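Note sheet for the following structure.
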Amino acid sequence: MTDVWILGGTGRSARAIATGLQDRGIRPVMVGRDAARLAATADDLPTMVARSVDETADAIRRNRPAVVVNTIGPFVETAAPLLDACLPSSHYLDLANDLAAVSATLGRGADFVAAGRTAVTGAGFGVTATESIVVKLCEGQPAPRRVRVDMIPSLAVEAGAVGDALAGTIVEGLPGVEGGGRFQGRRYRDGRLVPASLGGEPVRLTLPDGATVTTASMPLGELMAAQRASGAADVVAASSEAPASPLVRMVLPAATALLNLGAVRAFARRRLAAVRFKAAPPPREHSWGHAVVEWADGRAREGWLRVGEAQAWTGTVPAEVVRRLLDGKGEPGAYTPAALFGPALAESCGGEYLIAGDRSTARS
């Protein structure tokens, strides 16, 4: 049982992962709904047609592939039936970075321990880059009191529509967990998820290459990954993709409150899915994960993880994780990538750590 299945096999992320696997001598099976599109995009890789998530789950149960790679959003809808289908025979990996989906998959850890299998969620750029720098900064240290992580992707844009999968992830994944309203932000305070402003706590950062960006808080999977990796009671997760202007932040609470209405949410999802992008190069040479970790004694450490174009790295990380799972290097349970394989995983995927060193947060 050595097959690796990539679900959503015609998508950009799936194709990037397939390239990473082939670079490691692994030929995946590309699984998708449209036979013609699979044939056009899979090159000479084997393909399988499955026209729905339920049909895909049935095929997983019958064929028992060694590893299932799920690139089909919205993960809050697709992960649960596919996790069920993987047990007790297959490892599972996905690219989720919405808080609800990451939380739900991590909550299945006991099921995967009982089966002797591994589930890895958040194996894309955002969770992996920010979690990795937190793990690196916290090595050999007691649990800090506060952590802030910032993800700063540099993405090349392909021409085309947003599509329902990504639109559903954006609309349905906000944030769907305890600690506040359905479409409120989240942060950790005193070790618990509590409400927070969408696009709150903006910070202007100077990147190690001299460029500047503004990041603001978003309730993404990076938040939970950073808290679990550090054990900090107070955690904020931010993104350069978050709306940070005062006007937008003022309008957001009313706009997101409307998403509680099912008809409005369905309309927003359809309209967002239809938005089209023109092709564009990445805005910067590098993508960055950033973290500041503060301890109760007043010490603080800041660090960066530098990688290349974010989508390319989202192909490399899952491919490396799959290789390690096939080699028997995983542990039974449910994990985020650096929690399972440590900060060296990012380096093995071409990342480079830049540690600013210790400083004091104590006030004189």
Side-chain angles (χ1 to χ4, degrees), residues 1-9 11-31 60 65-73 75 78-79 82-83 86-87 89-97 101-102 105-106 108-109 112-113 115-136 151 221-222 224-225 228-229 287 289 305 307-308 310-351:
M1 185 175 64
T2 59
D3 283 351
V4 176
W5 288 13
I6 303 180
L7 314 184
R12 183 182 178 190
S13 294
R15 289 182 274 121
I17 295 167
T19 298
L21 287 170
Q22 291 178 92
D23 290 344
R24 290 161 173 78
I26 301 164
R27 282 174 54 81
V29 177
M30 308 301 284
V31 182
I60 292 169
V67 185
V68 172
V69 179
N70 179 18
T71 73
I72 308 171
F75 296 101
T78 65
L82 295 173
L83 286 162
C86 285
L87 294 170
S89 302
S90 304
H91 300 300
Y92 171 89
L93 177 144
D94 69 32
L95 307 181
N97 82 329
V102 169
T105 297
L106 292 174
R108 299 294 300 273
F112 276 78
V113 168
R117 294 293 180 267
T118 305
V120 180
T121 188
F125 165 74
V127 171
T128 308
T130 54
E131 177 194 35
S132 294
I133 186 62
V134 170
V135 174
K136 185 72 172 179
M151 76 152 177
E222 291 90 289
M224 183 165 288
R228 289 167 63 102
S287 300
L305 175 68
V307 303
Q311 184 64 54
W313 211 61
T314 295
T316 302
V317 171
E320 178 62 20
V321 171
V322 167
R323 184 191 67 78
R324 295 183 184 203
L325 293 176
L326 291 175
D327 289 346
K329 296 179 180 178
E331 295 289 339
Y335 304 89
T336 44
L340 180 59
F341 291 120
L345 173 68
E347 294 174 308
S348 72
C349 296

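Below, each value reflects all heavy atoms present in this structure, side chains not excepted, and no hydrogens, waters or symmetry copies. Everything numeric in this text was worked out from a predicted model, so none of it was measured. In what follows, residues are counted from 1 in the order of the sequence shown.
Not counting sequence neighbours, Thr19 has no partner by the side-chain hydrogen bond (donor to acceptor under 3.5 Å, both in side chains) test. Tyr92 is linked by a side chain to side chain contact (heavy atoms under 4.5 Å, CB included) to Asn70, Ala79, Leu82, Leu83, Cys86, Asp94, Thr105, Phe112, Ala119, counting only residues two or more places apart in sequence or in another chain. Ala14 pairs by the side chain to side chain contact (heavy atoms under 4.5 Å, CB included) definition with Ile6, Met30, Thr71, not counting sequence neighbours. In this structure, Thr314 has no side-chain hydrogen bond (donor to acceptor under 3.5 Å, both in side chains) partners at least two apart in sequence or on a different chain. In this structure Glu320 satisfies the side-chain hydrogen bond (donor to acceptor under 3.5 Å, both in side chains) test together with Arg24, Arg323, Arg324, sequence neighbours excluded. Under the side chain to side chain contact (heavy atoms under 4.5 Å, CB included) criterion, Ala312 pairs with Glu309, sequence neighbours left out. Every residue two or more places apart in sequence or in another chain that forms a salt bridge (Lys or Arg N to Asp or Glu O under 4.0 Å) with Arg108 is listed here: Asp84, Asp111. Considering only residues two or more places apart in sequence or on other chains, Glu222 meets the side-chain hydrogen bond (donor to acceptor under 3.5 Å, both in side chains) condition with none of them. Residues satisfying the side chain to side chain contact (heavy atoms under 4.5 Å, CB included) criterion with Arg15, sequence neighbours excluded, are Arg12, Thr41, Glu158.
Considering CG of Asp3 and CD1 of Ile60, their distance stands at 12.0 Å, rounded to 0.5 Å. The line from CZ of Phe75 to OG1 of Thr121 is 8.0 Å long, rounded to the nearest 0.5 Å. For the atom pair CG (Leu7) and CD1 (Ile17), the distance works out to 10.0 Å, reported to the nearest 0.5 Å. Going from atom CD of Glu131 over to atom CG of Leu345 covers 9.0 Å, rounded to the nearest 0.5 Å.
No donor-acceptor pair closer than 3.5 Å links the side chain of Ser287 to the backbone N or O of Val307. Between the side chain of His91 and the backbone N or O of Arg117 there is no donor-acceptor pair closer than 3.5 Å. A donor-acceptor pair under 3.5 Å links the side-chain atoms of Thr78 to the main chain of Ile72, judged by distance alone. Side chain of Trp5 to main chain of Pro65: no donor-acceptor pair is present (N/O by atom type, distance under 3.5 Å, no hydrogens or angles).
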Quiz: residues 122-130 side-chain donor-acceptor pairs under 3.5 angstrom, not counting sequence neighbours:
{"from": "Thr128", "atom 1": "OG1", "to": "Gly122", "atom 2": "O", "distance (Å)": "3.1"}
{"from": "Thr128", "atom 1": "OG1", "to": "Gly124", "atom 2": "O", "distance (Å)": "2.8"}
{"from": "Thr130", "atom 1": "OG1", "to": "Gly126", "atom 2": "O", "distance (Å)": "2.7"}
{"from": "Thr130", "atom 1": "OG1", "to": "Val127", "atom 2": "O", "distance (Å)": "3.4"}

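Closest approach of Pro343 and Val135 over heavy atoms only: CD-CG1, 3.5 Å. For Gly315 against Pro318, the heavy-atom pair with the smallest separation is O-CD, 3.6 Å. When all heavy atoms of Ser132 and Leu305 are compared, the pair lying nearest together is CB-CD2, 4.2 Å. Looking at every heavy atom in both residues, Val102 comes nearest to Ala96 through CG2-O, 3.7 Å.
Neither side chain, Glu331 nor Thr118, offers a donor N or O lying under 3.5 Å from an acceptor on the other.
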Check the pair Leu106 / Arg228 against side-chain contact (heavy atoms from CB on, under 4.5 Å), numbers first and verdict last.
-> CA-CA 11 Å; Leu106 292 174; Arg228 289 167 63 102; 3.6 Å; yes

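Looking at Val69 and Val322, their side chains come closer than 4.5 Å, going by heavy atoms from C-beta outward.
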